[in-house]
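Data block below; observations after.
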Amino acid sequence: MNRLFTKSLCTSSAAAANLKPPPPDPAAISKLILSSPIQSPLSPNTPWTPHLVNSILKRLWNHGPKALHFFHLLDRRHRSYIHSPSSFNLAIDIAARLHLHTTVWSLIRRMRSLRIGPSPKTFAIVAERFASSGKPDKAVNLFLNMHEHGCSQDLASFNTILDVLCKSKRVEKAYELFKDLRGRFSADVVTYNVIVNGWCLIKRTPKALEVLKEMVERGITPNLTTYNTMLKGFFRSGQVRQGWEFFLEMKKRNCGIGIGIDVVTYTTVVHGLGVAGEVKRAKKVFDEMIREGVLPSVATHNALIQVLCKKDTVENAVSVFEEMVRKGYEPNVTTYNVLIRGLFHAGEFTRGEEMMRTMEEEGGCEASFQTYNMMMRYYLECGEVEKALGLFERMGSGGCLPNLDTYNILISGMFVRKRSEDMVVAGKLLVEMVERGFVPRKFTFNRVLNGLLLTGNQGFAKEILRSQSKSGSRLTKKFRL
DNA sequence: ATAGGGTTAG
């Protein structure tokens, strides 16, 4: 195990020959960490840098226990390396996702003792975890008590906590906090934009408009972000007509005062109209923006391609894709994902697979978990279990570890054929996901156990039950720092 | 990670 580590390092012969050692490869190190036993020590010779550590933590994101173990080893066993604040923040995020409360706080204490934090960003991460796991009050309290942990509250952190609450759909809670404290922190245009966006996210555009009116009354001038947010809100809540009129109004003001509309405005309208089924109008707006001298971005193309896939034909979507490449745009992962989805949706599995090859070989884009999850969904939907499992294998061996969705998709897919051997696979997947720090829903758990019992796999079922009853306490103990 | 546009699912 250790040899692999040393291989990528500065060996004495390389140094003697005055050759630059190859930079350590995060992918190779991540693979090694995944395959090595938990006690395996890291080579002391690796030239660790925050960038290297961060890219490894990101690669191991969906294997939280291993990621934390790696972080911990480097923190404690490595004499000369001290983790950077950004690595701490990543580790804290991972620990919070694993519900390792004790670990989160000891990491925060450690940051403090090293005098490298915690920063407002650190608290934003923890608050986000609270808010998205149904504990918005804890998120608010964390913000209110930040100063006790050596981190001052300011307008920026106030805006952040509001945004965190809004993005996790706790808009009422955010609005409450906003009204209580907007005086103390002198709310600015960003604060108001966050709240406007919040109401828009839960499709309450009348409330958003109310806040918009209020900000003007209080002497805060809305900017283009405010209007783009509102515009998106109309389309999101299905108010296509209001959205369109708002867009026209924005254009009119552009001529008058000169607030300007930009590529984001146009992208919002192209997407909004298209999703509403108004494909012709969406295309017209796309052409209009070019005439008006606002260059479409990759995101604009992605919006149009998605809309054509959904409401028109995948052939037209492919044409737009080819045209954008011809014009010199570089399609990104989203472009490919949208297009592959379109092809799979149309039953064109072969062309979808080809597009995936194109993306990796010619496009220089690595397939993401969205790519894999979506393709597996389609394969399982029509009973192509082997195809889905093949993709799953590729994920595990490539640089993209399966996430919670992946496991859920696959496990439920194992029930379509009603075969005994599929139940065993489902059981193995369940064990693996727990090992990697994911918490299966009770429903998933019972379904797999029932499946095993009904197909005569009592032994395996019992094994799973035993490992589960231990895993909770094991996880929390292992990473207490 | 102080705010707005593309990836799922009606």
Side-chain angles (χ1 to χ4, degrees), chain A residues 85-86 89-90 92-93 118-129 131 143 153-164 166-167 185 187-198 200-201 208 215 220 222-233 235-236 238 247 250 261-272 274-275 277 282 285-286 289 294 296-310 317 320-321 324 329 331-342 344-345 365 367-378 381 405 408-409:
Chain A
S86 56
N89 285 340
L90 287 172
I92 288 169
D93 203 344
S119 65
K121 194 166 153 185
T122 314
F123 286 100
I125 289 165
V126 181
E128 203 265 321
R129 285 295 97 208
F143 169 73
Q153 296 159 327
D154 56 8
L155 178 58
S157 53
F158 179 54
N159 290 342
T160 301
I161 185 70
L162 292 177
D163 196 37
V164 160
C166 285
K167 297 261 161 71
F185 290 106
D188 64 357
V189 61
V190 176
T191 321
Y192 280 93
N193 286 352
V194 164
I195 298 295
V196 168
N197 187 43
C200 286
L201 284 176
M215 75 188 277
I220 294 174
N223 58 19
L224 186 53
T225 300
T226 324
Y227 293 119
N228 282 341
T229 304
M230 204 58 237
L231 181 66
K232 173 80 188 167
F235 285 114
R236 193 196 308 272
F247 172 61
M250 284 172 77
I261 58 173
D262 66 359
V263 58
V264 177
T265 318
Y266 279 110
T267 305
T268 305
V269 176
V270 168
H271 187 250
V275 167
V285 173
F286 185 85
M289 72 186 282
V294 180
S297 63
V298 173
T300 320
H301 285 90
N302 294 350
L304 184 62
I305 289 170
Q306 192 212 135
V307 148
L308 291 172
C309 286
K310 272 189 176 164
V320 172
F321 170 78
M324 83 182 268
Y329 286 96
N332 59 21
V333 200
T334 311
T335 319
Y336 288 107
N337 285 346
V338 166
L339 207 50
I340 294 172
R341 177 175 294 116
F344 269 67
H345 190 78
C365 282
S368 62
F369 71 83
Q370 285 98 333
T371 323
Y372 285 108
N373 288 357
M374 168 260 298
M375 291 171 79
M376 291 191 304
R377 265 200 186 100
Y378 280 108
E381 198 173 86
D405 286 337
N408 284 331
I409 291 164

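In what follows, chains are A, B, ... by sequence order, proteins preceding strands, each numbered from 1.
Note: NE2 (A:H345) to C1' (B:dA9) measures 11 Å, nearest angstrom. What separates CE of A:M250 from P of B:dG5 is a distance of 13 Å, to the nearest Å. Taking atom CG of A:D405 as the reference point, atom P of B:dT8 lies 13 Å away to the nearest angstrom. Distance, A:R377 CZ to B:dG10 C1': 14 Å, rounded to whole Å. Separating the CG atom of A:N332 from the C1' atom of B:dG6 is a distance of 8 Å, rounded to the nearest angstrom. One atom, CZ of A:F143, and another, P of B:dA1, lie 18 Å apart when rounded to the nearest Å. Rounded to an integer number of Å, the gap from NE2 of A:H301 to P of B:dT7 is 16 Å. To the nearest angstrom, C1' of B:dA3 lies 14 Å from CZ of A:F158.
Every residue two or more places apart in sequence or in another chain that forms a side chain to side chain contact (heavy atoms under 4.5 Å, CB included) with A:N193 is listed here: A:V189, A:M215, A:N223, A:T225, A:T226. Partners of A:V320 under the side chain to side chain contact (heavy atoms under 4.5 Å, CB included) rule, at least two apart in sequence or in another chain, are A:H301, A:L304, A:I305, A:L308.
Dashed line: the shortest gap from a side-chain N or O of A:K167 to OP1 or OP2 of B:dT2 is not under 4.0 Å. Side-chain nitrogen and oxygen atoms of A:H271 include at least one within less than 4.0 Å of the OP1 or OP2 phosphate oxygen of B:dT7. Distances shown here put a side-chain N or O of A:Q306 below 4.0 Å from the OP1 or OP2 atom of B:dT7.
Within the nucleic acid shown, A:S368 has no heavy atom closer than 4.0 Å to any nucleic acid atom. Using a 4.0 Å heavy-atom distance criterion, A:L224 is classed as a base contact. As judged by a 4.0 angstrom heavy-atom cut-off over every strand, A:T160 is placed among residues touching the sugar-phosphate backbone only. Residue-level contact check: A:K232 touches the backbone only, with heavy atoms under 4.0 Å from sugar-phosphate atoms and none from bases. In this structure, A:A156 reaches the sugar-phosphate backbone alone: every heavy-atom distance under 4.0 Å involves primed, P, OP1 or OP2 atoms, never a base. A:S297 comes within contact range of at least one nucleobase, with a heavy-atom separation under 4.0 Å. As judged by a 4.0 angstrom heavy-atom cut-off over every strand, A:D262 is placed among the base-contacting residues. Using a 4.0 Å heavy-atom distance criterion, A:I125 is classed as a base contact.
Side-chain proximity of A:Q370 to B:dT2, B:dG5, B:dT7: nearest is B:dT7. Distances from the side chain of A:A299 to the nucleotides B:dT7, B:dA3, B:dG5 place B:dG5 closest. Comparing B:dA3, B:dG5, B:dT7 against the side chain of A:V338 picks out B:dT7 as the nearest. In this structure, the nucleotide among B:dA1, B:dT8, B:dT7 sitting nearest to the side chain of A:K121 is B:dA1.
At least one donor-acceptor pair under 3.5 Å links the side chain of A:T267 to the backbone N or O of A:V263.
Using modelled atom types and a 3.5 Å distance limit, the side chains of A:D163 and A:T160 yield no donor-acceptor pair. No side-chain donor-acceptor contact under 3.5 Å links A:T268 and A:T265.
No hydrogens or angles were tested; on distance alone, a donor-acceptor pair under 3.5 Å links the side chain of A:N223 to the base of B:dA3.
The same atom, C1', is picked in B:dG6 and in B:dT2; the two are 23 Å apart, to the nearest Å.
Heavy-atom distances under 4.0 Å link DNA chain B to A:V263, A:V264, A:T267, A:T268 of residues 263-270 of chain A, given in residue order.
Side-chain contact check for A:S119 versus A:N89: some heavy-atom pair is nearer than 4.5 Å. Under the 4.5 Å side-chain criterion, counting only non-hydrogen atoms from C-beta, A:Q153 is not in contact with A:F158.
Below 30°, between 30° and 60°, or above 60°: for A:F185 and A:F143 the angle between ring planes is between 30° and 60°, a tilted geometry. The aromatic rings of A:Y378 and A:F344 lie tilted to each other, with the angle between the two planes from 30° to 60°.
Glycosidic conformation of B:dG6: syn, with the torsion inside 90° of 0.
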